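All remarks here apply to the structure that follows.
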Amino acid sequence: GAGVSQSPSNKVTEKGKDVELRCDPISGHTALYWYRQRLGQGLEFLIYFQGNSAPDKSGLPSDRFSAERTGESVSTLTIQRTQQEDSAVYLCASSLVGGQGGYEQYFGPGTRLTVT
Amino acid sequence: AQTVTQSQPEMSVQEAETVTLSCTYDTSENNYYLFWYKQPPSRQMILVIRQEAYKQQNATENRFSVNFQKAAKSFSLKISDSQLGDTAMYFCAFLTGNQFYFGTGTSLTVIP
């Protein structure tokens, strides 16, 4: 595809359930980022993947959050035992290389997660 | 620690007028990049403009330009001839190493 895609676009789940969010980056982009955006707020960094290097997980808020990436393609963000404070838009972004080259990120449309 | 501050939560501008959105940042790094992103109600984040810290010349993209003051750690965005389609949240972002840092955003409304 031409851009970053994310699925689902909206997800409503009950508290305590697990959810899985998917991101398809732009083909050829080696770097992939996940962010959380709470209503009316800025972007909160969650995790960063660069090629086959170990991911930077420094932004994950708790051990209920995990993410995987298969090679340089699809990534999934999993939230276990969801809580109401997990309600937010989850944005994925990809870029050609990591930050050293200063390449801008291209964002997906996000997944709006609502925990009831 | 790197921080990005956008001190104007909301702004409005009359159509065809000019508006400036402010952004300051704090870092001890010397090599970094700065960006302005736009997020319209559709939620899709779109890159507006990009500035390399080692370049003294201010970046310009059509109606969008920046005033980059490295010593003051300031990176403001000027939108000329504002259009209704410019209504959006605007985020200032700072990149160093492999991590981006975003400000809390400025909500801009263009009034017809």
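Just so we're clear, the structure is a prediction, and the values are computed from it rather than from any experiment. Only heavy atoms go into these numbers, but all of them, side chains included; no hydrogens, no water, no symmetry mates. A note on names: the letters A, B, ... follow the listed sequences, proteins ahead of strands, and every chain is numbered from 1.
Following chains of ILVMFWY side-chain contacts shorter than 4.5 Å, one can reach B:Y101 starting from B:L34, so the two form part of one hydrophobic cluster. The hydrophobic clustering, which links ILVMFWY residues whose side-chain heavy atoms are closer than 4.5 Å, places A:L77 and A:V115 together. Taking hydrophobic clusters as Ile, Leu, Val, Met, Phe, Trp and Tyr residues chained together by side-chain heavy-atom distances below 4.5 Å, B:F68 does not share a cluster with B:F35. B:Y90 and B:F102 fall into different hydrophobic clusters, where Ile, Leu, Val, Met, Phe, Trp and Tyr are joined by side-chain heavy atoms under 4.5 Å apart, directly or via other members.
Annotation: side chain of B:Y37 is in contact with side chain of A:E104 (closest heavy-atom distance under 4.5 Å). For the pair A:Q37/B:F91, a side-chain contact is recorded, criterion being any heavy-atom separation below 4.5 Å from C-beta on.
Note that the OG atom of A:S95 and the CG atom of B:L95 stand 8.0 Å from one another [nearest 0.5 Å]. Within the model, atoms CD1 of B:I46 and CZ of A:F107 stand 11.5 Å from one another, a figure rounded to the nearest 0.5 Å.
Using a 4.5 Å cut-off between heavy atoms, B:Q39 contacts chain A through its side chain alone, with no backbone atom that close. In this structure, no portion of B:Y32 lies under 4.5 Å from any heavy atom of chain A. Only the side chain of A:V89 has a heavy atom closer than 4.5 Å to any heavy atom of chain B.
Separation of the B:F100 and A:Y35 ring centroids does not fall under the 6.0 Å cut-off.
Other residues, nucleotides and ligands contribute only 12 or fewer heavy atoms inside 6.0 Å of the CD atom of B:Q57. No more than 12 heavy-atom neighbours from other residues, nucleotides or ligands sit within 6.0 angstrom of NZ on B:K78.
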